[in-house]
2 protein chains.
Amino acid sequence: MADLNNLLSPFFLNDKEIRKVIELLFFSYRDFTSGPDKILEKLNFGRAHHRVIYFVGKKNHITIKELLGVLQITKQSLSRVLNQLVSEKFILVSTGTDKRTKKLSLTEKGKKLENELSTIQIKKIREVINRFDVENINGFKQILYEMIEDNNKKTFQEIND
Amino acid sequence: MADLNNLLSPFFLNDKEIRKVIELLFFSYRDFTSGPDKILEKLNFGRAHHRVIYFVGKKNHITIKELLGVLQITKQSLSRVLNQLVSEKFILVSTGTDKRTKKLSLTEKGKKLENELSTIQIKKIREVINRFDVENINGFKQILYEMIEDNNKKTFQEIND
DNA sequence: TTATTTAGGTCAGCCATATTGACTTAATTA
DNA sequence: TAATTAAGTCAATATGGCTGACCTAAATAA
């Protein structure tokens, strides 16, 4: 039966092979975040701070509500992290046209940190990806994209329009 | 200059495109772990328990030391999680030939939970992966593998030999 | 055989990141 | 004017990490 399955669907992957993917995701994601973690530690920041800095850098003038939508954490969780970043002058808060909203942006200090952290991850990805051909790279991106829940696919598109 | 780069290296990816990969990794990894999280919550377990159950299931009779090497956490961190799993009879501890060591294995109850959690993730990966061809899938696995630090590549190989 | 190393455990305290629930303020919109 | 929305805050709780100090028992090296 297993043989028949392999015969009929050449792209079929058995559980054993798929478990390897589970492990690859675990190990690669952990190592992917380890570089920035070391820099953040010196500033007494964590990965949560990195995410905020990343997405504020990505979308200048992002509001609190939008940021909460991207991060999918509670406003209480965001509050602590964001207040630290604001009080230490990595992030600047201004009022929106709708005066209920706030617009977040990186200060020069914030941009510098954002750049330092992203450079590590960009370099790492580029080093890996340069060893593969364009079909593999596009396939890689597409597979990751398809692993995202539909709701969050929208978010990905929104921050990239 | 950027044009020249693109001209000379067709596989060159600019920072903007690489940033998309950073985001894809963040969103996909988060959604990938959200399924099991819901089941674990009912048992008052977290992702740390899942990892222990996963790797004990993966390598029967794994020792504490080996498990610490895979998870890369301190024994104090492992201790709390593992003791819960043992006291709630998901994991069985026996003594190794070297009587200083302990061998961990899943009980029937543990196997059942492991299966329940892994099934969700395997299903998710299979659903995605079945929409791609074998070259894309292999490329995907290889790129993830290359993102792992050398030390941890060894670990991945060891648990898969 | 004694000394050292190794595998594992434990106690205590600390920090980061997340949660829920309840409540407030100010501004916008119906 | 009433309802909704964006944002903030206080308090309590859980999870999952960490460091440091210290312990036991077994295996191995000097």
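We name chains A, B, ... by the order of the sequence lines, and we start the count at 1 in each one. Keep in mind that the numbers below use all heavy atoms, side chains included, and drop hydrogens, waters and symmetry copies.
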- Go through D:dA7, C:dT28, D:dA26 for me and flag the one nearest to the A:I64 side chain. D:dA7
- Message: Could you tell me how far apart A:K38 (NZ) and D:dC18 (C1') are, to the nearest whole angstrom?
- Response: 16 Å
- Does B:S79 place a side-chain N or O at less than 4.0 Å from the phosphate oxygens OP1/OP2 of C:dG9? no
- Item | Sugar-phosphate, base or nothing in reach of A:R47, heavy atoms under 4.0 Å | sugar-phosphate
- Message: Over all strands shown, is A:T95 touching base, sugar-phosphate only, or nothing at heavy-atom distances under 4.0 angstrom?
- Response: nothing
- Message: Expressed as a whole number of angstroms, how long is the span from A:Q72:CD to C:dT17:C1'?
- Response: 16 Å
- Message: Counting only heavy atoms and a strict 4.0 angstrom limit, can you tell me which residues of residues 48-61 of chain A come near DNA chain C?
- Response: A:A48, A:H49, A:R51
- Note on the structure: Which of D:dT15, D:dG17, D:dT19 is nearest the side chain of B:T74? It is D:dT19
- Message: Under a 3.5 Å cutoff, is there a donor and acceptor pairing between the side chains of A:S79 and A:N83?
- Response: yes
- The residue, B:E66 or A:D98, whose nearest nucleotide of DNA chain C is more 5′ is B:E66
- Is the closest side-chain donor-acceptor distance between A:N160 and A:K58 under 3.5 Å? yes
- Between atom NZ in A:K75 and atom P in C:dC23, what is the gap in whole Å? 14 Å
- Item | Spacing between A:R80 atom CZ and C:dT19 atom P, to the nearest angstrom | 11 Å
- Message: Please determine whether a side-chain nitrogen of the Lys or Arg among A:D15 and B:R126 lies less than 4.0 Å from a carboxylate oxygen of the Asp or Glu.
- Response: yes
- Task: Return the nearest nucleotide to the side chain of A:Q76; candidates are C:dT6, C:dT17, C:dT19.
- Result: C:dT19
- Taking atom C1' of D:dG16 as reference, at what distance in whole Å does atom CG of B:L40 sit? 14 Å
- Let me know the distance between CG of A:D37 and P of D:dG17, rounded to the nearest Å. 13 Å
- For atom CG of B:N44 and atom P of D:dT15, their distance in whole Å: 6 Å
- What's the closest nucleotide to the B:K102 side chain, out of C:dT19, C:dG9, D:dT9? C:dG9
- Message: I'd like to know if B:K99 reaches the base of D:dA26 with its side chain, counting only an N/O donor and acceptor under 3.5 Å.
- Response: no
- Specify the separation, in whole Å, of atom CG of A:L82 and atom C1' of D:dA6. 14 Å
- Test item: B:S28 side-chain N/O and B:L24 main-chain N/O as donor-acceptor pair under 3.5 Å: yes
- Task: Remember a base hit wins even if backbone is also touched, and classify B:K65 as base, sugar-phosphate or nothing at under 4.0 Å, heavy atoms.
- Result: sugar-phosphate
- Message: Could you check, using the six-membered ring where one of them is a Trp, whether A:F55 and B:F26 have ring centers closer than 6.0 angstrom?
- Response: yes
- Message: Between B:S77 and D:dG16, is there a contact of a side-chain N or O with OP1 or OP2 at under 4.0 Å?
- Response: no
- Message: Within the 4.0 Å heavy-atom criterion, would you say B:N83 contacts the bases, only the backbone, or no part of the nucleic acid?
- Response: sugar-phosphate
- Message: Mind checking if A:Q84 touches a base, just sugar-phosphate, or nothing, with heavy atoms under 4.0 Å?
- Response: nothing
- NZ/NE/NH1/NH2 to OD/OE distance under 4.0 Å, B:K111 and B:E108: yes
- When we call it a touch if two heavy atoms are under 4.0 Å apart, what does A:T101 touch: a base, just sugar-phosphate, or nothing? sugar-phosphate
- Query: Between A:D31 and B:N152, do the side chains contain an N or O donor and an N or O acceptor separated by less than 3.5 Å?
  - Reply: yes
- Message: Go through it in stages, so that I can follow the logic: the residues are A:E158 and A:K59, the test is salt bridge (charged side-chain N to carboxylate O under 4.0 Å, His left out), and I'd like the CA-CA distance, side-chain angles, deciding distance and then a yes or no.
- Response: CA-CA 10 Å; A:E158 278 161 19; A:K59 185 164 185 158; over 6 Å; no
